[in-house]
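Okay, structure first, notes after.
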Amino acid sequence: DGSLRRSDNGGQSYRLLNTGTFRPLGIAAIDPDRLLLLGRGLALSANAGGSFQRARGQVARERFFGADKVGYNAFLVYGTRAVYQTGDRGEHWQRVRRPNRHEIIDVDFVDPNHGYIVASGKLWRTGDRGRHWRLVPSIGSRVYAIEFSSRTDGYAVPSLGSRWRNGGDHRWRRDRG
């Protein structure tokens, strides 16, 4: 129904939150009091969803569907054409350069400097907050989803039903587990 609800008791009950005219496509809990709504722009609550303030500037004109926590106060939001990061729990946003203007499918940063992007089906990595991107050797097909637990250990989904794992040696192997 497009509503947003909050639970304070482990999901046993929920209360309706008022997002105003903002229609979220996604949500990200930065901490217990700060909630970020993703959609056409961003809206931030600093009072556990009591009220929301829309982001201003360039970030307000983008469309976002995903988020990734990359550090204590650091967060990343992304959509098909843009990635932005904050280092102050959502108060200010900076655009992150994307690899060769490709369409973004998934993003995973393991810390504020090191991250991975799936863009137009290819896997890219950065070690400098997204200022420069390097293509990761192919695993033989288009990539649709990624998840890394460290700078070197990660998983990729190149097609429905199969998973590949990188054990840190830049060699991708089919994950049988």
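Residues L25 and R63 approach most closely at CD1-CG, 4.0 Å, considering heavy atoms. Nearest approach of L76 to V107, heavy atoms of both residues: CD2-CG1, 3.8 Å. Residue Q58 comes nearest to Y84 through the heavy atom pair CG-OH, 2.7 Å, listed as atom of the first residue, atom of the second, then distance. Taking every heavy atom of both residues into account, A67 and F75 meet most closely at CB-CE2, 3.5 Å. The minimum heavy-atom distance linking L38 with G66 is given by the pair CD2-O, 3.1 Å. E91 and L44 make their closest contact through OE2-CD2, 4.0 Å (heavy atoms, listed as atom of the first residue, atom of the second, distance).
Taking 4.5 Å as the limit, every side-chain heavy atom of V118 sits out of range of all side-chain heavy atoms of R142. When side chains are defined from C-beta on, R151 counts as touching D111, because their heavy atoms get closer than 4.5 Å. Residues R54 and T21 meet the side-chain proximity criterion, which asks for heavy atoms closer than 4.5 Å. Side chains of Q85 and V70 form no contact here, defined as non-hydrogen atoms less than 4.5 Å apart. Side-chain contact between L4 and F22: absent, with no pair of heavy atoms (C-beta onward) separated by less than 4.5 Å. V157 has its side chain out of reach of D106: every pair of non-hydrogen atoms, C-beta onward, lies at least 4.5 Å apart. Counting heavy atoms from C-beta on, the side chains of D8 and R6 come closer than 4.5 Å. Side-chain atoms of I117 and Y78, non-hydrogen and from C-beta on, never get closer than 4.5 Å to each other.
Rounding to the nearest 0.5 Å gives a distance of 7.0 Å between OG1 of T86 and CD1 of I30. For the atom pair D108 CG and E147 CD, the distance stands at 4.5 Å (nearest 0.5 Å). In this structure, I27 CD1 and R5 CZ are separated by 12.5 Å, a value rounded to the nearest 0.5 Å. Residue R97 holds its CZ atom at 6.5 Å from NE2 of H132, rounded to the nearest 0.5 Å. Note that the CG atom of N9 and the OH atom of Y14 stand 8.0 Å from one another [nearest 0.5 Å]. For the atom pair CG of N100 and OG of S120, the computed distance is 9.5 Å after rounding to the nearest 0.5 Å.
Heavy atoms of other residues, nucleotides or ligands lying less than 6.0 angstrom from CZ of R56 number 12 at most. Summarising the local packing, CZ of R81 is surrounded by 12 or fewer heavy atoms from other residues, nucleotides or ligands at distances under 6.0 Å.
Residues V136 and W133 fall into different hydrophobic clusters, defined by Ile, Leu, Val, Met, Phe, Trp and Tyr side chains chained together at heavy-atom separations under 4.5 Å. Linking ILVMFWY residues whenever their side-chain heavy atoms come closer than 4.5 Å, directly or via other members, places I105 and L123 in the same cluster. Cluster membership for W124 and F109, using ILVMFWY side-chain heavy atoms within less than 4.5 angstrom, is shared. There is no path of hydrophobic side-chain contacts, each under 4.5 Å, that joins W93 to F65. Residues I146 and V77 fall into different hydrophobic clusters, defined by Ile, Leu, Val, Met, Phe, Trp and Tyr side chains chained together at heavy-atom separations under 4.5 Å.
In this structure a side-chain-to-backbone donor-acceptor pair under 3.5 Å is present from S7 to S13. A donor-acceptor pair is defined here as one N or O able to donate and one able to accept, closer than 3.5 Å; no such pair exists between the side chain of R34 and the backbone of G90. The backbone N or O of F52 sits nowhere less than 3.5 Å from a side-chain atom of S45 that would complete a donor-acceptor pair.
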Verify side chain to side chain contact (heavy atoms under 4.5 Å, CB included) between L37 and L35, making sure each step is shown before the conclusion. CA-CA 7 Å; L37 303 181; L35 178 66; 4.3 Å; yes
Please evaluate residues E62 and R95 with respect to the criterion side chain to side chain contact (heavy atoms under 4.5 Å, CB included), reporting the C-alpha separation (whole Å), side-chain torsions for both, the decisive distance (0.1 Å), and the verdict. CA-CA 11 Å; E62 302 289 355; R95 189 175 187 112; 2.8 Å; yes
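Using cut-offs of 30° and 60° on the angle between ring planes, the pair F148 and Y116 is parallel.
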